Amino acid sequence: MVIKVFLASSSGSTAIKKKQQDVVAFLEALKVDYTPLDIACNEDNRMWMRQNVPEDKKPANGIPLPPQIFNEESYCGDYDTFFDAKEDNLVYTFLGLPPPPGSKEAEQADKDNIVENGTHAEENLDDTIVPVEDRNGDSNKEVKQATDENEEGEGDEEEKEGAAKEETADDEGETVGDEAPTEKEEEAAVEETDEVTEDTEGQAEEEEEQEEEDLQSEVTVLL
């Protein structure tokens, strides 16, 4: 791949001369092989440059000014885009060349590859995860079903135990309730017995008094 730099050797513009010098000096500092093509002394070079600069990259008047940079037939950019790439340490990317090992651009590219590969690896890992049921087939479903049945059985047993405890508590409550009335009934029975005894004793005393009165009456009559 040959880097082509279109220049104007006899340009009267100081700004254009400075831009051309900056591009050439930087390429030489990076030891990038390039071919300078003069558009001031060669009409073919000027026409080729104007025809191959993309329309959306041309200025408003439609005439691109040097320096213009190409990689073979592919357009790289003008001075402004070159300067931006230099500031971002992306000159080799701008030129369409692989960065040399050890350069800042190569190190950045390695980091980007690591991040990209890591992200892809995670995505692939997520894509390759197969559900447990799909891996083990129906056997896993049967195990799960048996586990669910065991859990249901344990739940039923717990409910039965709870119901039995409630019934036992109710029985104990009823027993206690029955015992309490029995004591009261015994006390009432004792009271009733005492009353009956008192009534019987009273009746006996009345009968004795009546008999005494009757005897006295008989004695009075005999006298």
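The structure displayed is predicted, hence computed values, not measured ones.
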Legend entry - Evaluation steps, salt bridge (charged side-chain N to carboxylate O under 4.0 Å, His left out), between Glu107 and Lys104: CA-CA 5 Å; Glu107 292 176 358; Lys104 291 182 179 181; over 6 Å; no
Are side-chain heavy atoms of [X] and [Y] found at a separation under 4.5 Å?
X: Tyr75; Y: Asn52; value: no
X: Pro66; Y: Ile39; value: yes
X: Asp22; Y: Phe82; value: no
X: Asp88; Y: Phe94; value: no

Inset, instruction - Determine, for Phe26 and Lys86, whether the Lys NZ or Arg CZ falls below 6.0 Å from the six-membered ring centre while staying within 45 degrees of the axis. - result: yes
Inset, instruction - Please indicate whether Lys57 has more than 12 foreign heavy atoms, meaning atoms of other residues, nucleotides or ligands, lying under 6.0 Å from its NZ. - result: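 Open: at most 12 neighbouring heavy atoms sit under 6.0 Å from NZ of Lys57.
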Inset, instruction - Flag yes if more than 12 heavy atoms outside Asn61 fall under 6.0 Å of its CG atom; otherwise flag no. - result: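 Yes.
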Legend entry - Straight-line distance of Thr35 OG1 to Ile3 CD1, nearest 0.5 Å: 9.0 Å
Legend entry - Separation between OG of Ser103 and CG of Leu30, rounded to the nearest 0.5 Å: 9.0 Å
Is there a path of hydrophobic side-chain contacts, each under 4.5 Å between heavy atoms, that joins [X] and [Y]?
X: Ile69; Y: Phe6; value: no
X: Leu65; Y: Val23; value: no
X: Phe83; Y: Val5; value: yes
X: Leu7; Y: Ile16; value: no

Testing the basics here: between [X] and [Y], what is the closest heavy-atom pair and its distance to 0.1 Å?
X: Lys58; Y: Arg50; value: NZ-O, 3.0 Å
X: Tyr92; Y: Pro100; value: CZ-CD, 3.3 Å
X: Ala106; Y: Pro101; value: CB-CA, 4.4 Å

Inset, instruction - Ignoring hydrogens and angles, state whether a donor on the side chain of Thr81 or Asp84 is under 3.5 Å from an acceptor on the partner side chain. - result: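 No, no side-chain donor-acceptor contact under 3.5 Å.
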So, [X] side chain and [Y] main chain: donor-acceptor pair closer than 3.5 Å or not?
X: Gln20; Y: Ala8; result: yes
X: Lys19; Y: Asp80; result: no
X: Asn42; Y: Asp38; result: no
X: Gln68; Y: Val53; result: no

Inset, instruction - Pick out which of Leu90, Val91, Leu97, Leu95 makes a side-chain contact (heavy atoms from CB on, under 4.5 Å) with Thr93. - result: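 Filter result, single survivor: Leu90.
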Inset, instruction - Kindly determine whether Val24 and Tyr34 satisfy side-chain contact (heavy atoms from CB on, under 4.5 Å), including the steps that lead there. - result: CA-CA 9 Å; Val24 171; Tyr34 71 95; 2.8 Å; yes
